[in-house]
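Before any comments, here is the structure.
Here is how names work: the chains are called A, B, and so on, in the same order as the sequence lines, proteins then strands, and each is numbered from 1.
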There are 2 protein chains.
Amino acid sequence: MDKQRKQYQERKQDPSLKLFVVLSKAYRSVADLVAADIRKNGLNTTEFGVLELLYHSGEQPLQKIGDKILLASGSITYVVDKLEKKEFINRIQCAKDRRITYASISEKGKALLEDIFPEHWRQIEKITAGLSADEKKGAIKLLKQLGIYADELKKTD
Amino acid sequence: MDKQRKQYQERKQDPSLKLFVVLSKAYRSVADLVAADIRKNGLNTTEFGVLELLYHSGEQPLQKIGDKILLASGSITYVVDKLEKKEFINRIQCAKDRRITYASISEKGKALLEDIFPEHWRQIEKITAGLSADEKKGAIKLLKQLGIYADELKKTD
DNA sequence: ATAATTCAGTTCAATATTTAATTATGCACC
DNA sequence: GGTGCATAATTAAATATTGAACTGAATTAT
């Protein structure tokens, strides 16, 4: 029991384990605040993410959306249904391949995004103000490296 | 429209926005792999987190668990119910304050954790191997700073 | 002392998310 | 040109998560 507690203390110092814990906490802290901001506008983060993707990348096959937002196929149908009901996007059937459906942002969706984006940006500036501009750049580099490596693992595994 | 696309390109370069995007992606990539590893043992990440907390911090009032794992009160009841049903933890009524219920890890729970932890650790080493030990330490420092600041904001806001 | 307030935990409904099964279509190969 | 395999989207069931209302208990104020 004492031996185990000692083992535990040792492994808690392990940088890999610590990194995972700190990454999870930082993400939750930041993401919860961002989510609260987005929710003020009647959207959740997933819906916002899809809208943003369509806004800047143009219409996308539903499956591509799933790849980019990391969402299962069933979830895409669900979120696209909701956004379509709210008239922020439209489904467009592909003429060449009838299996494919595109999602396309509507004028109303564009207007919403353009309306809420400035404040959204301001909030993110505020939420991430714990780091200086240089520290942010450092963190971006490290997180990118970490994420890319993990993605590679997922593919090969 | 062109003007907006230019604006968009500009703001995408903003370190705060970029940091948020990269943080979200890195977290998802890493956390998904870790979750898959944990799920092999019949637990989800939340259950695992609660078990781990009880293992190393001893019995805890349910509310404390919610604070540490960042879980709503209703969710605590839910996850504690599940773990109790699986006999990995027990509920213990507080004698001094009858509003309070402690959760305490059982022998069976301890055995499980001790059984799966070594492999869990190995997996996290593997998943985070995109960064060197020094880079991990740098990332830990930055993420801690970011998370602490965001937590402060949440309190005052 | 009692009334009002606060607090811990539970319950319940609403919402998100995943996985597996299903449907419809396209493609390759014989 | 039909058969079988792959792919895109939908559906449905199971699971997670939250937030609000509620219950019982403790604390504070009057």
How many Å lie between CZ on A:Arg99 and C1' on D:dA6, as a whole number? 8 Å
Donor-acceptor pairs under 3.5 angstrom involving side-chain atoms of residues 28-41 of chain A: please list them, not counting sequence neighbours.
residue, atom, partner, partner atom, Å
A:Arg28, NH2, B:Leu70, O, 2.9
A:Ser29, OG, A:Lys25, O, 2.9
A:Ser29, OG, B:Asp151, OD1, 2.9

In whole angstroms, how far is the C1' atom of D:dA9 from the CD atom of A:Gln60? 16 Å
Atom-pair distance (CD1 on A:Ile92; P on D:dA9), nearest Å: 13 Å
In plain terms, say whether A:Lys110 and A:Glu107 are close enough for a salt bridge, that is, a side-chain N and a carboxylate O under 4.0 Å apart. yes
Using chain A heavy atoms and a threshold of under 4.0 Å, write down where along DNA chain C the contacts begin and end, 5' to 3'. C:dT15 to C:dG26
B:Phe20: which residues meet the ring pair (Phe, Tyr, Trp, His ring centres under 6.0 Å) condition with it, sequence neighbours left out? none
The contact string for nucleotides 10-20 of chain D, one letter per nucleotide 5' to 3', using protein heavy atoms under 4.0 Å with B, S and - for base, sugar-phosphate only and none, comes out as BB---SBBBB-
Verify whether one side chain among B:Glu114 and B:Tyr55 offers a donor that lies under 3.5 Å from an acceptor in the other. yes
Got a sec, which residues hit ring pair (Phe, Tyr, Trp, His ring centres under 6.0 Å) with A:Tyr149, two or more places apart in sequence or on another chain? none
d(B:Ile148 CD1, B:Leu153 CG) to nearest 0.5 Å is 13.0 Å
In whole Å, I'd like the distance from the NZ atom of A:Lys96 to the P atom of D:dA8. 17 Å
In this structure, how many angstroms lie between the C1' atom of D:dA8 and the CD1 atom of A:Ile65, rounded? 12 Å
Return all side-chain donor-acceptor pairs below 3.5 angstrom for residues 78-85 of chain B, not counting sequence neighbours, or 'none' if the list is empty.
residue, atom, partner, partner atom, Å
B:Asp81, OD1, B:Arg91, NH1, 3.0
B:Asp81, OD1, B:Arg91, NH2, 2.9
B:Lys82, NZ, B:Glu47, OE2, 3.4
B:Glu84, OE1, B:Arg91, NH1, 2.6
B:Glu84, OE2, B:Arg91, N, 3.1

Any donor-acceptor pair under 3.5 Å from B:Lys86 side chain to B:Gly42 backbone: yes
